[in-house]
2 protein chains.
Amino acid sequence: MSKTKEVYLSDDVRKQNRLRIISQFRLHGKKSRTEISTLADLSAGTVTNVSTTLLDDGIIRVCEPEGAKQSSASHGRPRVQLELNPEYKFVVAGSLTFNSISLSMFDYLGDKVATVQEKVVLENMAGNEIAQIILSMIDGLGISATPSIFVLGVQGLTNNNGSEILWSPILSDSGMKFADHLSKQSKAEVIVANDSAMIARSLSKDKAYAEGTFAAVLMSYGIGLGLYIDGQPFKGAKSSASELGHISFKGSDGALCRCKKHGCVEAYASDYAIWRRAKQLDPNTLPENPVTSEDIANIIEEAKQGEGPAREAIREAGRAIGFGLAIMFGLFDAFPVVFVGRGAQALDLMQDDIKQSLDEHFRFHKQFDVAFAKSSDALIHVENGSSIVGLEWLDQQAAFGKS
Amino acid sequence: MSKTKEVYLSDDVRKQNRLRIISQFRLHGKKSRTEISTLADLSAGTVTNVSTTLLDDGIIRVCEPEGAKQSSASHGRPRVQLELNPEYKFVVAGSLTFNSISLSMFDYLGDKVATVQEKVVLENMAGNEIAQIILSMIDGLGISATPSIFVLGVQGLTNNNGSEILWSPILSDSGMKFADHLSKQSKAEVIVANDSAMIARSLSKDKAYAEGTFAAVLMSYGIGLGLYIDGQPFKGAKSSASELGHISFKGSDGALCRCKKHGCVEAYASDYAIWRRAKQLDPNTLPENPVTSEDIANIIEEAKQGEGPAREAIREAGRAIGFGLAIMFGLFDAFPVVFVGRGAQALDLMQDDIKQSLDEHFRFHKQFDVAFAKSSDALIHVENGSSIVGLEWLDQQAAFGKS
DNA sequence: CTCATTTAATTTAACCCTTAAAAAATTACA
DNA sequence: TGTAATTTTTTAAGGGTTAAATTAAATGAG
């Protein structure tokens, strides 16, 4: 595991091909050996050999012949469809927000087998308590399957490999260490990941973004950013997530941000910022209670009616986002952006301001085609992205073996 | 070539190991088979086999025994030192600036065998003219060796794979296409690269930055940025270089930048910006003549004497740089920064302002240890980085074979 | 001057993996 | 029932690696 040898040994070739074949099943679902041979560009003989070991190991299984989906040609020996064995192993994917934990169990085929949500304010909880809650939630599902891996999306910064939360606005110092406790108590792998990164991961499976270079911007309590560059999730040097929210939009005389600095993009574009401005409150105070989805929906409604504080709040959010994007595009080049989260519902209203701001601050704006889109519920994407991470981890384990 | 198969075939294993062994020679210089066996973690037998083919192909050669550097132990059969064959192939590495072309030829060992520089203003030249000049400069060296690859650093944007210049402040539209002409006329590979990226590449071989996460900031005519993340040169989505110079430091009422926008970091931190401010000229005009190294040296001298326009110009440059770094750190995490170029001579004077600006705009400043350093002549680093790129390309070719 | 000792490099034999080709299996259809 | 069609398995050949045995080359003691 720790030895990071590259492939230069026949044994590694074998494992590499194992993964290759598993990945084809992951990608295409039910397939016969012959089809896999074509897809994976391996000879029929190799596919037979590897399939045999995969069957023995319980990683794939033979599908019962479905009347409909027969072999393409009618003559000859019929193909035997194989697929990933759903019972092989299980993933728990989910997300932690400031006042709730939602978890879903997925089988190895990637189907959701159970889901559970609990309202808990995590702010003052210790790591072992959180781990305990998660475990009892899973217990409460009454499912015999034990998860082999937990993948949990959280707002904040995690380290590069997903083993540790470095900072999160929704957790105490002790709470941030829940992954350790969970891993010890469950004896399963635990990966913590930035929520926006998981959203991007989820979107990356979408045909529209399959090309693989795009950004997911999560507009809710903060302004999250998940980047995909050339089909690979982008990771910072030490930590998981790139930040859009704390780019300095206005100088130090700007509005107060949750991070205690002034003028951040978040201080203009997050839900509390929009709310604060729409309600014409002091830009140097933070609201005491969390802003709800309804609050934001109401403001959007109001803004649609015409000019006024609500409309102006959304304009300013657009300008801040546009500025943030301009800066990011300057560093990475421009690419499509998908907006997710409740703030994203205002995308139609913001779009012109975003573009204008981009135009003002990004030199190459006109040379690049920047496409915007908004997508559905953020939590679903976080969960979905997390499940993908979990399944890919299982695939790796299945291919390269345990220890 | 075009087929991008991964390693999953014994033949690929062979090639992989060939590269592995070549890389050890590249890294460590003269080594015996036994030593290579240890370094590359391959068996003695494999090293013998591969070495034989490498010798046959003229890629490595036997070193004449130097009296001094004998085998570590005195007993036993003495080791035969091998090394890369300097005559195997040659690289031309160099850089194009607005008024000069400098080229050096390197042998396969990485030793510089010749160098030539010519004053030419490239601004209005066509691509084929530039190619012609480069070729005749090489011709003029009177060296029998023909280069297999040209690697040239240029200010501006190149595409991801180094085949094309997308934009450069020093070249006309036709001039930007010189790589095509050069490649056709010389029948050699031609790679064009961003100058700052090459500087970073050069620095990456420095022990101090060998860890592999740092930024090179080139302060001269513009503000270039070369990034190394985790030992890998960072590339944008479509283009080569990340940009620090055109981050929006002040709004649209800021000073005029060469890119025709207002308020860019470059408009405060580049040599013309410093000069403009030190001379108390209109911040909305661009100087007609290029600012020289002497101009900048004089301003730095003046600033050292005490407060005044020169000192203030440098302060403002520091603030702009600090702002740019803060934004970059927000996206990538913080890491060491090396300043290169004539503006970097003012680092001592700027450092406090950079840090203060960072502190103001980067949330995690105090949690990260941001180290600054300045390095020697930019051109040398560009050339050096380019030669490294060229040699690595040759290594790849040597390992994986031509077609 | 010879020969045991020591270290380096090469050769050998065994093992693993892949592939192409041959063989076997399984079904449709005449 | 037999032939054609198609999928899957088996076989044999070929290539790569490694551990171990062998050969090569130099030192130094008797």
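Lettering follows sequence order; numbering is per chain, from 1. For clarity, every value in this text was computed on a predicted model and none was experimentally measured.
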In this structure, how many angstroms lie between the [atom2] atom of [N] and the [atom1] atom of [X], rounded?
| X | N | atom1 | atom2 | answer |
| --- | --- | --- | --- | --- |
| A:Q81 | D:dT7 | CD | P | 11 Å |
| B:Q16 | D:dT17 | CD | C1' | 14 Å |
| A:N17 | C:dT18 | CG | C1' | 8 Å |
| B:K31 | C:dA9 | NZ | P | 12 Å |
| A:I60 | D:dT8 | CD1 | P | 11 Å |
| A:D41 | C:dC17 | CG | P | 19 Å |
| A:R18 | C:dC16 | CZ | P | 16 Å |
| B:R33 | C:dT7 | CZ | C1' | 14 Å |

Would you tell me if any nitrogen or oxygen in the side chain of [X] comes within less than 4.0 Å of OP1 or OP2 on [N]?
| X | N | value |
| --- | --- | --- |
| A:R77 | C:dA24 | no |
| A:T34 | D:dT6 | no |
| B:R14 | D:dT17 | yes |

Could you please name the option among [options] that lies closest to any side-chain atom of [X]?
| X | options | value |
| --- | --- | --- |
| B:P78 | D:dT8, D:dT18, D:dA25 | D:dA25 |
| B:R79 | C:dA9, C:dT18, D:dT17 | C:dA9 |
| B:V13 | D:dT8, D:dT18, D:dG16 | D:dG16 |

Q: Could you check B:R20 against B:V47 for side-chain contact (heavy atoms from CB on, under 4.5 Å), going step by step and ending with a plain yes or no?
A: CA-CA 10 Å; B:R20 208 182 176 82; B:V47 174; over 6 Å; no

Keeping the roles fixed (side chain from [X], backbone from [Y]), state whether a donor-acceptor pair exists under 3.5 Å.
| X | Y | answer |
| --- | --- | --- |
| B:N85 | B:E87 | yes |
| A:N159 | A:S163 | yes |
| A:S104 | A:A93 | no |

Q. When you measure from every atom of DNA chain C, which of residues 45-58 of chain B have a heavy atom less than 4.0 Å away?
A. B:G45, B:T48

Q) Between B:K205 and B:E392, is the closest basic N to carboxylate O distance under 4.0 Å? A)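 Counted as a salt bridge, because a side-chain N and a carboxylate O are separated by less than 4.0 Å.
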
(Q) Here's a test for you: under ring-ring contact (aromatic ring centres under 6.0 Å, His included), which of A:Y209, A:F234, A:F335 qualifies with A:F214? (A)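 Looking at A:Y209, A:F234, A:F335, the match for A:F214 under the ring-ring contact (aromatic ring centres under 6.0 Å, His included) is A:Y209.
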
Q) Is there a side-chain contact between B:L82 and B:R61 (heavy atoms, below 4.5 Å)? A)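 Counting from C-beta outward, B:L82 and B:R61 never come under 4.5 Å.
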
